[in-house]
Structures are given as C-alpha cells and as structure tokens.
Student: 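This structure is in structure tokens; I'll ask about it shortly.
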Amino acid sequence: MKIIIHGGFFSESDQSHEVKVSKQNSLQAIAKKSFEFLKNHSAVETVVYAVTLLEDDELYNAGTGSQIQSDGKIRMSASLMNGETQKFSGVINIENVKNPINIAQILMKEDDRVLGGNGAKKYASENGFTEFSTEIPQRRKEYEEKLKNGGKGTVGCVALDSNGKLAAATSTGGKGFEIVGRISDSATVAGNYANEYCAVSCTGVGEDIVSNATAAKIVVRVTDGLPLKEAVERTFKELKEINGFAGAIAIDKHGNIAHQDSHPTMVFTSFDGENFDIFN
Ligand code: ASP
C-alpha cells in the first residue's frame with residue numbers, strides 16, 4: 001500500500017514561510033490519516049477521502065479556499081479515475097458545493113460521467129448536495145486587491161491499495177481571475193489519469209498540462225513498459241520544450257512513487273505506513 005498527495009505549488013513570492021510550514025504539516029497529517037483509511041478501503045475510495053480532506057482545508061485552492069474567477073464567482077473542477085475499471089468521472093466549473101470530488105465520485109455510476117457548470121450543480125442538488133459557499137475572506141481580499149496567485153494550491157492524491165489496484169483524484173479552484181468558461185486540466189485525462197499500471201495527478205498551468213497531455217502520457221509510457229521514473233522524466237522533458245509549468249505525482253503497480261515539477265516549489269507528501277517523503 002502506498003499513498004502520495006499534493007497541495008499544488010508553493011510560491012515564496014506570494015506566500016509566507018508560515019503558510020509553507022502549515023501546508024507541510026497539513027499534508028503530513030492528511031497523508032497519515034488517508035493511509036490509515038487505505039488499510040480498510042480501496043484505492044478509489046481512499047483517493048476520494050484524501051481529496052475531501054484537502055478540499056476542506058482552506059490552505060489549498062480546492063473546495064473551501066478556492067480562488068475567485070474574473071467575474072467574482074468561484075467555479076471548481078474535480079475528477080476521479082479508477083485504474084481497475086479504467087473509468088473517469090468529473091465535474092467542471094461547479095459552483096457552491098462543499099466537496100466537488102464527492103460529486104465526481106457519485107457520477108461514477110452514471111453513463112454520463114463528466115458534467116459541467118449548471119448541469120453539474122443541478123445533478124449535485126438532485127443527489128442531496130446542499131448549497132455551500134467555499135469562499136474564504138482571504139481569497140476575496142486577494143480578488144479585490146487583484147493579487148494573482150496563479151492557481152497555486154490545487155490538490156491531488158494517487159494510491160495503491162492492498163489488492164494492487166490504483167486510483168487518482170484531483171480537485172481545483174482553477175487559476176484565479178480566469179475568463180468565465182475556462183476549463184482547467186484537473187477534470188481532464190491530462191491532469192488526472194490511471195489504469196492498472198500507473199496513476200497520476202497533476203498541478204500547474206492547466207493549458208500547459210493539457211498541451212503536454214501530462215498524466216495520460218506518463219500512464220501510457222508506463223503501460224508500454226517504460227520504468228516510472230523514466231516515463232515521468234521524458235514527459236517533463238517534453239513539457240520543458242513548450243516552456244510548461246507543471247508538477248505531477250505518480251505511483252506504479254509495483255508501488256514505485258515519483259514526483260516531478262518543472263519549477264521546484266511543489267508541495268507533496270508520500271507515506272508508506274512508516275516513512276514520509278516530503279518535498280518543499
Ligand atoms: N491546474 C490548475 C488549473 O490550471 C491550477 C493548478 O494546478 O494550480 O486550473
């Protein structure tokens with residue numbers, strides 16, 4: 001069993017040292033709690049659980065604490081991929097729900113598994129998700145002061161369970177100040193992808209991640225026999241060719257873990273029941 005989670009990028013220029021330390025502590029606590037959960041749950045249940053904890057922590061740009069778009073509204077996106085069934089589900093630009101990943105989770109049972117905007121919200125309401133504002137005063141202040149944080153703080157989790165199954169989940173409040181209707185990578189296969197060989201969750205500039213097809217490419221390379229580390233490195237070499245800004249966490253079916261970022265300020269933690277691997 002293995003788990004790795006990320007809390008997006010950290011920027012020294014727009015966040016304090018205290019925020020950085022808080023993020024590291026929060027990631028450690030959530031990785032540990034999620035690993036305990038993984039002992040009695042599947043990979044797909046665990047990645048959802050971990051991402052709900054991350055969405056509920058206002059340090060991150062996902063769920064509570066999400067960034068505000070150019071028109072003053074918050075729209076969130078989240079997706080889930082079950083490596084065993086190879087099914088993907090997600091919500092794009094959903095408003096006023098507490099945990100977007102939980103809506104992606106219940107969409108798994110539908111034929112129509114990726115819903116956007118008002119349709120996603122209507123589906124959530126019909127399925128018992130009550131109105132919830134994820135806005136926090138800090139984000140409103142940043143919005144009013146036109147402080148562009150660049151979407152730092154998207155969250156994600158990949159896990160390998162005791163039956164050798166893999167899953168990935170990712171959730172975001174987007175880039176902040178985006179044109180209404182802009183679609184993040186987080187609910188696409190470029191930002192979140194898994195199969196029986198590998199699971200990947202990304203963060204960074206959505207446009208770069210989509211252009212590079214980051215998560216899907218890493219998974220396909222591992223599926224075709226490339227070792228995980230090389231699959232990640234080759235994909236990031238290609239990202240560099242387009243001057244892309246992104247980070248990824250990954251696990252393969254053997255329990256190898258990888259993380260890479262184009263600019264080394266990503267915050268992540270992996271946990272295997274005994275040891276933490278913490279970066280940034
Ligand atoms: N990937 C997210 C987006 O572009 C933002 C982020 O990961 O920081 O919407």
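A quick note: this is a predicted structure, and the numbers were derived from the prediction, not measured. Order of listing sets the numbers, starting from 1, for every ligand and every atom in it.
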Student: Is there a polar contact between ligand 1 and Ile209, counting only N or O atoms under 3.5 Å apart?
Tutor: no
Student: Report yes if the distance between the aromatic ring centroids of Tyr123 and Phe129 is under 6.0 Å, otherwise no.
Tutor: no
Student: Could a heavy atom of Gly174 be found less than 4.0 Å from some atom of ligand 1?
Tutor: yes
Student: Under 4.0 Å from a heavy atom of Thr154: give me the atoms of ligand 1 that qualify, with their elements.
Tutor: 2 (C), 5 (C), 6 (C), 7 (O), 8 (O)
Student: Quick one: do Lys121 and Glu95 make a salt bridge, cutoff under 4.0 Å?
Tutor: no
Student: For residues 29-45, pull every pair meeting salt bridge (charged side-chain N to carboxylate O under 4.0 Å, His left out), keeping only residues two or more places apart or in separate chains.
Tutor: Glu36-Lys39
Student: Judged on heavy-atom distance to atom 7 (O) of ligand 1, which of Asp185, Val205, Asp208, Thr203 sits nearest?
Tutor: Thr203
Student: Do Lys98 and Glu55 touch side chain to side chain, with heavy atoms closer than 4.5 Å?
Tutor: no
Student: Find all atoms of ligand 1 within a distance of less than 4.0 Å from any non-hydrogen atom belonging to Lys175, and give their numbers and elements.
Tutor: 4 (O), 9 (O)
Student: Which class fits the ring pair Phe245 and Phe9: parallel under 30°, tilted 30 to 60°, perpendicular over 60°?
Tutor: tilted
Student: Do any heavy atoms of Arg182 fall under 4.0 Å from ligand 1?
Tutor: yes
Student: Which pairs pass salt bridge (charged side-chain N to carboxylate O under 4.0 Å, His left out) with one or both residues in residues 109-118, sequence neighbours excluded?
Tutor: none
Student: Would you mind finding which of Gly204, Ser184, Gly206 brings a heavy atom closest to atom 5 (C) of ligand 1?
Tutor: Gly204
